[in-house]
Structures are given as structure tokens and as C-alpha cells.
> 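My structure is below; once you've seen it, I'll send some questions.
Count residues from 1 along the sequence. The shown structure was predicted, so the numbers you read here are calculated from the model rather than taken from an experiment.
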Amino acid sequence: IDTQDQSLSCIRLGDMIVKKSYRKKGVGLALVEYVKKYAKDNNMHKIWLWTQSELTTAISLYEKCGFKMEGVQKGQFRGKDALLFGLELK
């Protein structure tokens, strides 16, 4: 969790990697749910993250958790496009 943007009432979920042997076991979902709880407990209004378009499993997880794609930055990751996702908290 990157809290640099807390003064803006948002946090960044960054560099979340689940070891292959733990994938498809709910670990990623549990981590995202923890970040959502942390954000709500700390009066944050938004969580945002960057990911790469080829990380389709991660994108599916983020969408399942309510994140929406908000933008694309061309060539951000070693020439690959970066996708910006955000989740507005209620």
C-alpha cells in the first residue's frame, strides 16, 4: 500500500505479486480485500493501481473487486502499455 497520496484521500495498490503456487486460491482476493478495508478504515475515498494489459488474470481480479479501467499510458512499462484502474470507495 502506497500512502503518499493520503492527503488526497486516495492510496495506490502497488507491486502486488502472488507466488504461482498460491494463485487461484483466493490469496489475491484476500489481499485486495485487506487493502479495501485499510482504505475505508483510514477514510480514503479511492484506491488506484497500474497494471499491464497482458496480466489478464490480475485484471479479472481487479474487475471482480470493483475496479474500473480509467486510462491507458502508452509505453509506460518497458515499451508496454500501462492500464490505470481505480476503485471509488463508499
> Quick check for you: to the nearest 0.5 Å, what is the distance between S9 atom OG and N43 atom CG?
8.0 Å

> Just grab all the salt bridge (Lys or Arg N to Asp or Glu O under 4.0 Å) pairs involving residues 64-73, residues at least two apart or on different chains.
K46-E70

> Identify, with sequence neighbours excluded, every residue that meets side-chain contact (heavy atoms from CB on, under 4.5 Å) alongside M16.
L13, L31, V32, L61, Y62

> Is there a side-chain contact between I11 and W48, using heavy atoms and a 4.5 Å cut-off?
no

> In Å, rounded to the nearest 0.5 Å, how long is the span from CG of L49 to CZ of R12?
9.0 Å

> Which pair of non-hydrogen atoms, one from E33 and one from C65, has the smallest distance, and what is that distance?
OE2-SG, 4.1 Å

> If the condition is salt bridge (Lys or Arg N to Asp or Glu O under 4.0 Å), which residues does D15 pass it with, not counting sequence neighbours?
none

> Compile the donor-acceptor pairs under 3.5 Å between side chains in residues 19-29 and protein atoms, sequence neighbours left out, one pair per line.
residue	atom	partner	partner atom	Å
R23	NE	V18	O	2.7
R23	NH2	V18	O	3.0
K25	NZ	S21	O	3.0

> If the condition is salt bridge (Lys or Arg N to Asp or Glu O under 4.0 Å), which residues does K37 pass it with, not counting sequence neighbours?
D41

> Please tabulate, for the side chains in residues 76-85, all donor-acceptor contacts under 3.5 angstrom to protein atoms that are two or more places apart in sequence or on a different chain.
residue	atom	partner	partner atom	Å
Q76	OE1	Q73	NE2	3.0
K80	NZ	E54	OE2	3.3
D81	OD1	G75	N	3.1
D81	OD2	K74	NZ	3.3

> List the atom of K40, the atom of L89, and the distance in Å for their closest heavy-atom pair.
CE-CD2, 4.0 Å

